[in-house]
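Chain naming here is simple, since letters A, B, ... match the order of the sequence lines and numbering starts at 1 in each. Predicted model only: the values in this text are computed from it and were never measured.
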2 protein chains.
Amino acid sequence: MSRKVSPASVAPALLGAFPEPGHDHAHCVDVALKQAESICQERGARLTDVRRRVLELVWRNHRPVGAYEILEHLGNSRKRAQPPTVYRALEFLLAQGLIHRIERLNAYIGCTAPERDHDGQFLICRDCGATAELLDRRIDTAIHAGASAAGFTVEHPTVELEGLCAKCRSHDHHG
Amino acid sequence: MSRKVSPASVAPALLGAFPEPGHDHAHCVDVALKQAESICQERGARLTDVRRRVLELVWRNHRPVGAYEILEHLGNSRKRAQPPTVYRALEFLLAQGLIHRIERLNAYIGCTAPERDHDGQFLICRDCGATAELLDRRIDTAIHAGASAAGFTVEHPTVELEGLCAKCRSHDHHG
DNA sequence: ATGACGTATGTTATGTTATAACAATTGCTG
DNA sequence: CAGCAATTGTTATAACATAACATACGTCAT
């Protein structure tokens with residue numbers, strides 16, 4: 001069992017793509033959790049039980065998930081967790097680059113390329129809610145160029161693109 | 001007095017630029033209000049008293065302003081306005097393209113090019129809070145190209161770039 | 001002018017998202 | 001196992017936003 005996971009072998013084939021309707025999502029979750037373990041171990045960061053469960057819940061599907069939605073599913077039969085528990089876990093996962101926050105939606109989504117330090121670009125379908133992460137260097141380049149023309153240095157770009165995914169666009173046309 | 005205002009004559013020299021520290025801000029507000037009047041008249045939209053006052057408050061400075069901050073300044077000596085009053089005015093101003101919402105900050109900022117229908121790109125200084133609007137076609141192009149490569153049609157891009165403006169960057173270096 | 005209608009605003013209550021502050025627990029290290 | 005730092009639990013509240021219904025206002029046909 002190699003501890004160091006090569007990006008090529010584990011990266012889901014989702015970068016810039018929307019998942020197929022019937023794909024093996026358990027596999028997506030599995031990969032994400034394994035990557036998280038590996039990354040945290042490398043860094044000496046502690047992927048505790050709460051944090052792992054929150055990460056798992058963020059990965060329940062390929063849509064951004066709200067903190068309170070996570071909270072609902074985090075409950076331990078008898079006692080419900082409180083907001084700070086979830087927000088602290090989210091804060092940790094954000095800091096480790098394991099998830100991203102979607103500002104438009106006040107929601108969180110699993111990162112598909114956690115090995116790289118980056119701010120992604122997000123394609124958010126207004127119809128089905130599916131959200132894909134893009135890592136487009138041309139967009140980055142254009143942004144940095146445009147900003148520096150105004151004397152501005154970009155540190156944390158937020159790029160969230162609402163629109164229609166291919167599937168929903170074809171539905172709209174046909175139905 | 002011409003009713004139709006040519007963009008060239010009124011557009012503030014701020015597109016993609018941060019305002020000078022000592023600029024005549026009363027002029028910025030004045031221009032914004034006049035443009036708003038003109039645009040609403042053309043469209044048969046009613047720029048009522050509440051709406052004009054909210055627009056004026058959004059333009060108090062070149063930083064995004066929160067709804068509750070507006071609320072505080074909207075009070076009429078005796079009775080304070082309620083949240084829905086402000087939110088409804090903001091909704092109207094957004095619909096008319098007279099202001100933009102900054103998602104990262106849950107805040108609103110005056111649009112510097114209200115005659116054009118557009119989603120701007122925003123440069124937000126993390127140090128001084130000053131925020132400038134960019135209308136960079138290269139960024140738009142890169143975004144649409146990147147998205148369509150994933151089969152995605154962008155309808156409403158959100159581009160909010162946090163970083164350092166020229167002034168604050170030089171302060172950082174010197175001090 | 002007046003009544004009917006649509007738009008705008010006032011008012012009350014509540015929903016949703018997020019954090020402050022402090023206590024208790026856990027895990028690591030000497 | 002004592003001491004310390006990191007994590008989680010718990011209580012309360014802050015910050016942002018909207019639902020629902022009442023009132024006022026503008027305008028247009030009669």
Side-chain angles (χ1 to χ4, degrees), chain A residues 36-37 40-41 43-58 63-96 98-109 124 129 158 160, chain B residues 36-37 40-41 43-58 63-96 98-109 124 129 158 160:
Chain A
E37 292 284 3
C40 287
Q41 192 164 46
R43 295 179 190 166
R46 293 174 50 197
L47 187 62
T48 63
D49 206 53
V50 174
R51 290 165 176 176
R52 194 194 340 270
R53 277 190 290 154
V54 169
L55 179 59
E56 207 171 335
L57 289 168
V58 167
R63 286 186 245 108
V65 184
Y68 281 75
E69 193 180 337
I70 293 169
L71 203 48
E72 279 169 21
H73 294 97
L74 199 59
N76 275 2
S77 47
R78 47 176 78 188
K79 199 140 203 207
R80 255 191 58 168
Q82 296 302 312
T85 299
V86 168
Y87 280 103
R88 286 189 286 226
L90 292 170
E91 187 182 22
F92 171 85
L93 297 170
L94 285 167
Q96 298 301 325
L98 298 170
I99 63 174
H100 295 285
R101 175 176 162 86
I102 306 297
E103 300 290 343
R104 288 178 70 91
L105 303 175
N106 298 324
Y108 305 83
I109 192 163
I124 306 164
T158 296
E160 298 173 358
Chain B
E37 292 284 3
C40 288
Q41 192 164 47
R43 295 178 190 168
R46 293 173 52 197
L47 186 62
T48 63
D49 207 52
V50 174
R51 290 164 177 176
R52 192 190 345 266
R53 276 190 292 154
V54 169
L55 180 58
E56 209 171 334
L57 289 168
V58 168
R63 286 186 246 108
V65 184
Y68 280 72
E69 193 180 337
I70 293 169
L71 203 48
E72 279 169 20
H73 294 98
L74 199 60
N76 275 2
S77 46
R78 49 177 77 188
K79 197 136 205 211
R80 256 192 58 168
Q82 296 301 313
T85 299
V86 167
Y87 281 103
R88 285 190 287 227
L90 291 171
E91 186 181 25
F92 170 86
L93 297 170
L94 285 167
Q96 297 301 324
L98 299 170
I99 63 174
H100 294 284
R101 176 176 161 86
I102 306 298
E103 300 290 343
R104 286 180 70 92
L105 302 176
N106 298 324
Y108 306 84
I109 192 164
I124 306 164
T158 296
E160 297 173 359

Problem - d(CD, A:E103; P, D:dA17) in whole Å - result: 12 Å
Practice task
Starting from P on D:dA20, measure out to OH on B:Y87 and report it in whole angstrom.
Solution key: 18 Å
Handout entry: Whole-Å gap separating C1' (C:dT17) and CG (B:L105)
Key = 15 Å
Exercise for the section: Quick one: label A:R88 by what it contacts on the DNA or RNA (base, sugar-phosphate, nothing), any heavy atom closer than 4.0 Å. Expected result: base
Handout entry: Minimum-distance nucleotide to B:P84 side chain [options: C:dT11, D:dT8, C:dA18]
Key = C:dT11
Handout entry: For A:L71 against A:Q82, the heavy-atom pair lying closest together
Key = CD1-O, 3.6 Å
Exercise for the section: Kindly point out which of D:dT18, C:dA18, C:dA8 is positioned nearest to the side chain of B:T48? Expected result: C:dA8
Handout entry: Straight-line distance of A:E56 CD to A:H73 NE2, nearest 0.5 Å
Key = 12.5 Å
Exercise for the section: State, to 0.1 Å, how close A:L94 and A:I99 come at their nearest heavy-atom pair, and which atoms those are. Expected result: CD2-O, 3.5 Å
Practice task
Confirm from the modelled atom types if A:R80 and D:dG9 form a donor-acceptor pair under 3.5 Å, side chain to base only.
Solution key: no
Practice task
Decide yes or no on side-chain contact (heavy atoms from CB on, under 4.5 Å) for A:R101 and A:I109, but give the supporting numbers first.
Solution key: CA-CA 6 Å; A:R101 175 176 162 86; A:I109 192 163; over 6 Å; no
Completion exercise
Assert: residue with more 5' nearest nucleotide on DNA chain C, out of A:Y108 and B:V50, is B:V50
Practice task
Return the value, rounded to whole Å, for the distance between atom CG of A:N106 and atom P of D:dA15.
Solution key: 16 Å
Handout entry: Residue B:R46, side-chain atoms from C-beta onward, closest of D:dG26, D:dG9, D:dA17
Key = D:dG26
Practice task
Could you state the atom-to-atom distance from CZ of A:R51 to P of D:dA6 in whole Å?
Solution key: 11 Å
Completion exercise
note: A:L47, atom CG; C:dT26, atom C1'; distance rounded to Å ~ 16 Å
Practice task
Starting from P on D:dT7, measure out to CZ on A:R52 and report it in whole angstrom.
Solution key: 14 Å
Exercise for the section: Measure from the ring centre of B:Y68 to the centre of the six-membered ring in the base of D:dC16, then say whether that distance is under 5.5 Å and the planes meet at under 30°. Expected result: yes
Problem - B:R101 side chain, from C-beta outward: closest of C:dT7, D:dA17, D:dT7 - result: D:dA17
Exercise for the section: Figure out the CD/C1' separation between B:Q82 and C:dA8, and round it to whole Å. Expected result: 16 Å
Handout entry: N or O in side chain of A:T85 less than 4.0 angstrom from D:dG9 OP1/OP2
Key = yes
Exercise for the section: Indicate the atoms forming the closest heavy-atom contact of A:R51 with A:R46, along with that distance. Expected result: NH1-O, 2.7 Å
Problem - Which residue lies more 5' along DNA chain D, comparing A:A89 with A:P83 via nearest heavy atoms - result: A:A89
